[in-house]
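A short worksheet on the structure shown next.
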Amino acid sequence: MSNKKELNDNLEISLAYEKLFMPEFFSIENNYTLDKAFAISNEKLDEVFKHIDLKGKSVLTVGSSGDQALNCILNGSKDITIIDANIFTRPFIEYKIAAIKTFDYDTFSDVFIKNDFFSWKVYSKISHLLSKNVQMFWDTLILDINEDSYSYEFSAKTIKEKMLFVDHRDRHSLFYTSKSIYNKLQSALNNEDINISFVASLFQDFPKALNKKYDLIYLSNIYDYYKGEEAELFEATIDKLYKKHLKDNGIIIANYSFNKSIKDAPKQLGKHMLEHKEVTRFSEGEKNKDTICFIKKKSKINKQYKKS
Ligand SMILES: C[S@@+](CC[C@H](N)C(=O)[O-])C[C@H]1O[C@@H](n2cnc3c(N)ncnc32)[C@H](O)[C@@H]1O
């Protein structure tokens, strides 16, 4: 009982617990963060990905709520690598995907928005779809903690509070608000051969944690976390990703700049010129302008052709 109490108190999670249940995340020392994961993205992702045809394309994206990856799937990608330093992202994203695969739109909306997303009732229907380690993580949280004196609501609520930053006011991805888009996503997840892999890494270590090239690299607003002297580290890492992990004609979305119109957004990142696309995001009825800043890699053939 006292162990269980300790476990509950340290849900943001004690090193021993992490090492015990999710060893693959901790093979690289300190290569993680313990921030809460976003339950729903606050980025206007349907607008961001709307103009990018991802059919047959491979994507590298930060994890966060999983919404970035899910929008890529809706736009045709079947090869997605999710990379994040936050240890909560993988268990949460796998849980969300398993729930989308399992529940119809109304049930998903109902359980996801309500507190019982992490209840035994929900978990028992989706757990078989989780990877082994993630299943072990949730088995411990949901089954063991619910077992004795902890009330079911208390632990479901605790999981939510400790693990997630939850803001359900604005659901910017269409599959949350449109039944037909949800069904399209569910069908893709259930019927198409989609490969989703997870990598745990801090941003500056992304280049060495990866071993392939991508058509699209989506970095959310990690840039905003790299201020002052650290900006150079961000720029150097972007350059390595560009050289080692971006295919010809590929795109790095280097930053999603909140509340910035194109004229206020950065024009250059290290040695790379940025291109821009402005998106409109309504939040609580208010209209906001955000700008995505991206780098395009021209194909070598095109470059040679231009020279001759
Ligand atoms: C930049 S955050 C912002 C949340 C975002 N606006 C959304 O829609 O979810 C997105 C993800 O980046 C991850 N992240 C932030 N800084 C990181 C870093 N230095 N290295 C690796 N991942 C990082 C966070 O863990 C989070 O899951």
Side-chain angles (χ1 to χ4, degrees), residues 12-13 18 22 25-26 28-49 59-72 74 80-97 112 162-176 196-210 216-238 240-241 245 252-260 265 269 279 281-283 288-294:
E12 275 174 57
I13 298 180
E18 293 155 10
M22 305 177 78
F25 283 112
F26 302 103
I28 309 165
E29 283 274 292
N30 296 328
N31 200 9
Y32 60 92
T33 62
L34 290 171
D35 299 334
K36 291 182 187 187
F38 271 62
I40 292 182
S41 175
N42 56 351
E43 294 158 15
K44 190 76 183 109
L45 295 170
D46 48 336
E47 284 285 325
V48 172
F49 291 109
V59 175
L60 175 73
T61 174
V62 293
S64 207
S65 59
D67 292 357
Q68 288 81 357
L70 293 170
N71 277 281
C72 290
L74 274 171
I80 295 172
T81 303
I82 295 178
I83 190 160
D84 209 294
N86 185 331
I87 59 145
F88 296 130
T89 55
R90 180 174 185 172
F92 177 64
I93 292 171
E94 283 200 25
Y95 200 118
K96 188 191 273 187
I97 289 176
F112 187 68
K162 299 268 184 184
M163 181 173 173
L164 296 176
F165 174 72
V166 185
D167 188 343
H168 282 137
R169 285 169 301 184
D170 301 305
R171 278 164 272 151
H172 296 297
S173 298
L174 291 174
F175 61 89
Y176 289 116
I196 303 175
S197 56
F198 290 87
V199 177
S201 173
L202 280 172
F203 178 68
Q204 57 264 36
D205 299 324
F206 281 9
K208 65 173 189 253
L210 299 165
L216 175 69
I217 298 179
Y218 187 77
L219 298 174
S220 188
N221 61 327
I222 289 185
Y223 176 72
D224 296 336
Y225 297 60
Y226 281 73
K227 296 276 180 241
E229 286 172 16
E230 289 208 317
E232 275 179 29
L233 184 57
F234 186 88
E235 289 163 9
T237 308
I238 287 274
K240 283 185 199 157
L241 288 172
H245 297 292
I252 298 180
I253 298 185
N255 193 40
Y256 182 103
S257 299
F258 283 98
N259 301 313
K260 277 202 174 80
L269 203 58
V279 296
R281 172 177 50 88
F282 283 91
S283 179
N288 304 279
K289 290 278 179 214
D290 300 337
T291 295
I292 60 164
C293 305
F294 57 96

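Whatever order the structure lists ligands and atoms in, that order sets their numbers, starting from 1.
Residues Y223 and Y225 place their aromatic rings such that the two centres sit no closer than 6.0 Å.
In this structure, D84 does not pair ionically with R90, as no charged nitrogen and carboxylate oxygen lie closer than 4.0 Å.
Residue contacts with ligand 1 for A37 are absent, since no atom lies close enough (heavy atoms, distance under 4.0 Å). For I83, no heavy-atom contact with ligand 1 is shorter than 4.0 Å. Residue contacts with ligand 1, taken as heavy atom pairs separated by less than 4.0 Å, involve S64 via backbone and side-chain atoms alike. When heavy-atom distances to ligand 1 are checked against a 4.0 Å cut-off, Q204 has no atom that comes that close, whether in backbone or side chain. Counting heavy atoms under 4.0 Å from ligand 1, residue Y225 touches it through the side chain alone. By the criterion of a heavy-atom distance under 4.0 Å, neither the backbone nor the side chain of Y256 is placed next to ligand 1.
Taking N71 as the reference, S173 meet the side chain to side chain donor-acceptor pair (under 3.5 Å) condition, with sequence neighbours excluded.
Taking a cut-off of under 4.0 Å to the non-hydrogen atoms of Q68, the atoms of ligand 1 that pass are 7 (C), 8 (O), 9 (O). Listed by number with element, the atoms of ligand 1 under 4.0 angstrom from any heavy atom of F203 are 18 (C), 19 (N), 20 (N), 21 (C). Proximity to A85 (heavy-atom distance under 4.0 Å) selects the following atoms of ligand 1: 20 (N), 21 (C), 22 (N). Ligand-side atoms of ligand 1 in range of N86: 25 (O), range being under 4.0 angstrom from any heavy atom. With ligand atoms numbered from 1 in the order given, ligand 1 contributes 27 (O) to contacts under 4.0 Å with heavy atoms of T89.
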Is there a side chain to side chain donor-acceptor pair (under 3.5 Å) between Q204 and Y226? Walk through the geometry before answering. CA-CA 10 Å; Q204 57 264 36; Y226 281 73; 2.5 Å; yes

Test side chain to side chain contact (heavy atoms under 4.5 Å, CB included) applied to L74 and F49, step by step: CA-CA 9 Å; L74 274 171; F49 291 109; over 6 Å; no

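With values rounded to the nearest 0.5 angstrom, L210 atom CG is found 12.0 Å from K240 atom NZ.
Any N or O atom pair closer than 3.5 Å counts here, and D84 shares at least one such pair with ligand 1. Annotation: S41 places an N or O atom under 3.5 Å from an N or O atom of ligand 1; distance criterion only.
Side-chain contact check for Y256 and D224: no donor-acceptor pair (N or O, by modelled atom type) lies under 3.5 Å. Using modelled atom types and a 3.5 Å distance limit, the side chains of R281 and N42 yield no donor-acceptor pair.
For the side-chain contact (heavy atoms from CB on, under 4.5 Å) criterion with N255, the lone passing option out of I238, T291, N221 is N221.
Nearest-heavy-atom check against atom 1 (C) of ligand 1 across N221, I82, N42 picks out N221.
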